Student: 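Quick one: structure below, then a few questions.
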Amino acid sequence: MESTFKEIRDGQSVLDLDPKSAVGGGVEDVYGEDRATEDKLVTPWTFSVASGYSLLRDPQYNKGLAFTEKERDAHYLRGLLPPIILSQQLQEKKLMQNIRQYQVPLQKYISLMELQERNERLFYKLLIDNVEELLPVVYTPTVGEACQKYGSIFKRPQGLYISLKEKGKILEVLKNWPERTIQAIVVTDGERILGLGDLGCQGMGIPVGKLSLYTALGGVRPSACLPITIDVGTNNEQLLKDEFYIGLRQRRATGKEYYEFLHEFMSAVKQNYGEKVLIQFEDFANHNAFELLAEYRTTHLVFNDDIQGTAAVVLAGVVAALKLVGGALAEQKFLFLGAGEAGTGIAELIALEISKQTKAPLEETRKKIWLVDSKGLIVISRKDSLQNFKKPWAHEHEPVKNLLDAVKAIKPTILIGSSGVGKTFTKEVVEAHASCNDKPIIMALSNPTSQSECTAEEAYTWSKGRAIFASGSPFDPVEYDGKTYVPGQSNNAYIFPGFGLGLIISGAIRVHDEMLLAASEALASQVTKENFDEGLIYPRFSTIRKISAHIAANVAAKAYELGVATRLPRPKDLVKLAESCMYTPVYRNYR
Ligand SMILES: O=C([O-])CC(=O)C(=O)O
Ligand SMILES: [Mg+2]
């Protein structure tokens with residue numbers, strides 16, 4: 001019985017589904033092939049298995065009090081539910097009321113996770129309809145706190161844990177996951193969770209949160225998403241001492257042991273899910289993130305959100321900001337605090353875009369971009385002691401010890417914080433930047449809010465209301481001198497859901513930098529006059545599904561152009577295709 005149940009679940013026809021209600025079931029529904037073939041193999045479309053108590057316990061199919069009289073009769077639900085029937089709309093209203101009553105964000109997070117585990121469609125309905133309100137709960141900043149406390153709030157596994165104990169058996173572990181058709185994996189090893197550092201196995205909150213956005217913001221079917229945490233130990237002493245820590249109680253494996261384990265993982269994923277499964281690397285430490293991306297970008301469909309996703313979103317913001325400020329991209333001077341994944345990733349994509357626009361060689365365009373790390377400005381004299389990924393940014397300049405002196409020396413037009421360290425854009429730094437620019441552009445990207453380089457209020461106040469400001473984690477609007485300023489959120493959540501959808505609908509098998517530029521361009525093109533009038537350099541998250549469809553279409557178009565798309569022939573209207581593929585969370589009718 002159990003195995004039949006699983007087989008049928010994979011085919012998505014656990015219940016006798018009314019075909020008319022099965023719209024927006026996700027990407028495969030449009031093409032139909034994969035799932036349709038599976039359905040034919042395992043079960044006809046009309047086959048009924050889960051019923052009664054087990055139906056109410058299955059989050060994929062549970063509708064709670066929304067089951068109709070007929071459904072209650074047909075599926076042995078009589079007596080298992082109170083007599084009333086509550087529509088999905090009313091359920092949503094009730095749950096939003098409940099969530100709003102919690103004062104503590106982590107309580108809101110826990111209640112949303114419980115909902116996801118109880119009734120998946122209702123969870124996504126809430127998230128999609130209330131995206132601006134709930135994003136800070138399921139995502140940054142609250143998800144950061146959830147990871148820090150994951151050991152004590154952990155109830156049920158929401159993804160796969162692959163620890164060193166599973167060495168040599170990773171393929172078997174993948175097969176334990178109940179879904180067979182996977183389109184997007186987000187994987188972390190927990191070593192650099194947001195700006196919070198090494199949280200080991202408790203980093204699981206991040207892949208879970210990112211993938212819930214794949215569904216809510218990008219329309220990828222939830223059953224096609226797989227969160228994975230690789231546990232190779234942790235160097236976090238506090239966690240190692242914590243009696244409730246859920247991960248391996250050992251220091252991190254490194255070097256050969258680490259890379260062999262990761263290699264087994266990457267091979268097992270490809271073997272089990274094929275070459276079209278997207279593997280998104282998330283919150284790995286710098287040293288591994290760059291190596292893993294370089295190693296697997298030519299053999300797997302991989303995307304590093306922190307290097308590439310953040311780069312695409314920041315480039316879009318800069319392009320949009322220049323419409324407010326004036327001037328061409330190639331005329332700008334950039335200064336970064338932080339030369340890790342985000343800093344060097346953004347810098348490289350900007351240099352690439354300038355090079356594309358001006359036809360100047362990349363080595364030249366890189367010279368417009370300066371980076372400061374913990375040892376000061378990255379300059380030629382430091383080149384020998386720099387990690388490889390920092391070397392392209394070592395330019396000719398005398399040594400400069402700190403950010404403030406670097407701002408004074410370089411006089412950037414755009415100041416970007418990607419350091420993971422909060423409060424580093426001090427009053428002096430912001431004032432120095434503002435003294436050289438009428439409209440200083442400031443992006444404080446580090447997450448969560450506690451790690452933001454400065455707050456929105458600080459940016460506006462210290463620049464006397466002149467700053468164009470965006471941050472990685474959300475800030476409320478700020479009143480300054482009788483005016484309201486609305487900060488933008490420069491977060492990769494604008495990019496990765498649509499980017500992933502674009503890869504999926506085109507059946508892409510590789511990610512190329514041009515596809516990141518395509519995503520970035522699509523995002524920048526979605527900023528409206530209304531947004532600009534408010535001083536915003538990003539569109540509102542409330543329109544994110546439309547934005548994601550445009551990003552997906554642009555990315556897919558580029559994938560076709562570059563010959564890495566496998567869904568042939570190329571559909572004509574890619575925006576329409578993307579929109580029609582998106583998962584919608586309305587309840588389906590069961591006959
Ligand atoms: O998760 C976020 O909000 C953005 C991100 O990738 C990070 O900070 O690592
Ligand atoms: Mg990240």
Side-chain angles (χ1 to χ4, degrees), residues 105 109 131-132 134-148 150 184-199 202-214 216-218 227-230 279-286 288-290 292-293 302-314 316-317 336-338 340-346 349 416-422 424 443-453 470-475 487-500 516 519 523 538 541 544:
Y109 176 89
V131 63
E132 295 201 347
L134 296 184
L135 206 56
V137 181
V138 297
Y139 195 56
T140 184
T142 312
V143 71
E145 192 188 349
C147 288
Q148 288 173 312
Y150 210 74
I185 289 173
V186 175
V187 59
T188 188
D189 72 355
E191 191 166 3
R192 197 273 300 145
I193 293 298
L194 307 176
L196 301 172
D198 185 350
L199 297 184
Q202 304 197 164
M204 181 56 111
I206 293 293
V208 168
K210 293 270 173 186
L211 283 165
S212 68
L213 302 197
Y214 259 99
L217 314 191
I228 297 183
T229 294
I230 303 242
I279 304 170
Q280 173 166 320
F281 294 120
E282 193 70 52
D283 292 8
F284 282 73
N286 290 331
N288 293 325
F290 289 104
L292 290 172
L293 187 60
V302 290
F303 168 69
N304 184 302
D305 190 33
D306 303 296
I307 301 173
Q308 301 172 299
T310 305
V313 82
V314 171
F336 286 76
L337 176 65
E341 292 158 71
T344 61
I346 301 161
L349 201 67
I416 298 178
S418 52
S419 60
V421 187
T424 37
M443 297 177 124
L445 300 175
S446 296
N447 297 311
T449 320
S450 58
Q451 310 310 107
S452 189
E453 283 77 7
S471 53
S473 294
F475 280 105
Q489 191 179 352
S490 185
N491 190 294
N492 48 35
Y494 274 110
I495 289 288
F496 69 77
F499 192 80
L516 299 170
L523 174 58
Y538 291 100
F541 266 115
I544 186 68

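Keep in mind that the numbers below use all heavy atoms, side chains included, and drop hydrogens, waters and symmetry copies. In listed order, ligands and their atoms are each counted from 1. Here the structure is a predicted model, which is why all the values come from computation and not from measurement.
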Student: Could you list the donor-acceptor pairs under 3.5 angstrom formed between side-chain atoms of residues 141-148 and any protein atom two or more places apart in sequence or on another chain?
Tutor:
{"unit_1": "Thr142", "atom_1": "OG1", "unit_2": "Pro136", "atom_2": "O", "d": "2.7"}
{"unit_1": "Glu145", "atom_1": "OE2", "unit_2": "Lys149", "atom_2": "NZ", "d": "2.7"}

Student: Using the rule given for ring-ring contact (aromatic ring centres under 6.0 Å, His included), can you reason through Phe496 versus Tyr214, listing the C-alpha separation, both sets of side-chain angles and the distance that settles it, and then say yes or no?
Tutor: CA-CA 7 Å; Phe496 69 77; Tyr214 259 99; 5.2 Å; yes
Student: Applying a heavy-atom cut-off of 4.0 Å, say which part of Ile206 lies close to ligand 1: side chain, backbone, both or neither.
Tutor: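 It is neither; nothing of Ile206 touches ligand 1.
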Student: Looking at atom 8 (O) of ligand 1, what's its closest protein heavy atom, distance included?
Tutor: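 Looking only at protein heavy atoms, the one closest to atom 8 (O) of ligand 1 is Asn447 ND2, 2.8 Å.
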Student: What I want to check is whether the side chains of Thr310 and Asn492 have a donor and an acceptor closer together than 3.5 Å.
Tutor: yes
Student: Just let me know how Arg192 lines up against ligand 1, side chain, backbone, both or neither, with a heavy-atom cut-off below 4.0 Å.
Tutor: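 Side chain only.
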Student: Quick one: does any side-chain atom of Ser490 pair with a main-chain N or O of Gly317 as donor and acceptor, under 3.5 Å?
Tutor: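 Here the side-chain-to-backbone pair does not exist.
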Student: To the nearest 0.5 Å, what is the distance between CD on Glu453 and CE on Met443?
Tutor: 12.0 Å
Student: When rounded to the nearest 0.5 angstrom, what distance separates CG in Asn304 from CG in Leu293?
Tutor: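 Nearest 0.5 Å value for the CG-CG distance: 5.5 Å.
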Student: Look at Asp305 and state whether any of its N, O or S atoms is less than 2.8 Å from the Mg ion (ligand 2).
Tutor: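 No.
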Student: Of the side chain and backbone of Asn491, name the one, both, or neither that has a heavy atom under 4.0 Å from an atom of ligand 1.
Tutor: side chain
Student: In terms of side-chain geometry, is the basic nitrogen of Asp305 or Lys210 positioned less than 4.0 Å from the acidic oxygen of its partner?
Tutor: yes
Student: With heavy atoms under 4.0 Å as the rule, classify the contact between Asn492 and ligand 1 as side chain, backbone, both or neither.
Tutor: side chain
Student: State the atom name: nearest N, O or S atom of Glu282 to the Mg ion (ligand 2).
Tutor: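 Result: OE2.
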Student: Considering distance alone, does some N or O of Glu282 sit under 3.5 Å from an N or O of ligand 1?
Tutor: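 Yes, at least one N or O pair falls under 3.5 Å.
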Student: What is the nearest protein non-hydrogen atom to atom 2 (C) of ligand 1, stated with its residue, atom name and distance?
Tutor: Tyr139 OH, 3.2 Å
Student: Can you check whether Gly209's main-chain N or O pairs, donor with acceptor, with Ser212's side chain at less than 3.5 Å?
Tutor: yes
Student: Looking only at heavy atoms, is any part of Asp305 under 4.0 Å from ligand 1, and if so is it the side chain, the backbone, or both, or is it neither?
Tutor: side chain
Student: Which N/O/S atom belongs to Asp306 and is the closest one to the Mg ion (ligand 2)?
Tutor: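 Atom name of the closest N, O or S in Asp306: OD1.
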Student: Show the atoms of ligand 1 that are less than 4.0 angstrom away from any heavy atom in Thr140.
Tutor: 3 (O)
Student: In Asp283, what N, O or S atom is nearest to the Mg ion (ligand 2), if we give its atom name?
Tutor: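 Sorting the N, O and S atoms of Asp283 by distance to the Mg ion (ligand 2) puts OD1 first.
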Student: When the aromatic ring centroids of Tyr538 and Tyr494 are compared, is their separation below 6.0 Å?
Tutor: yes
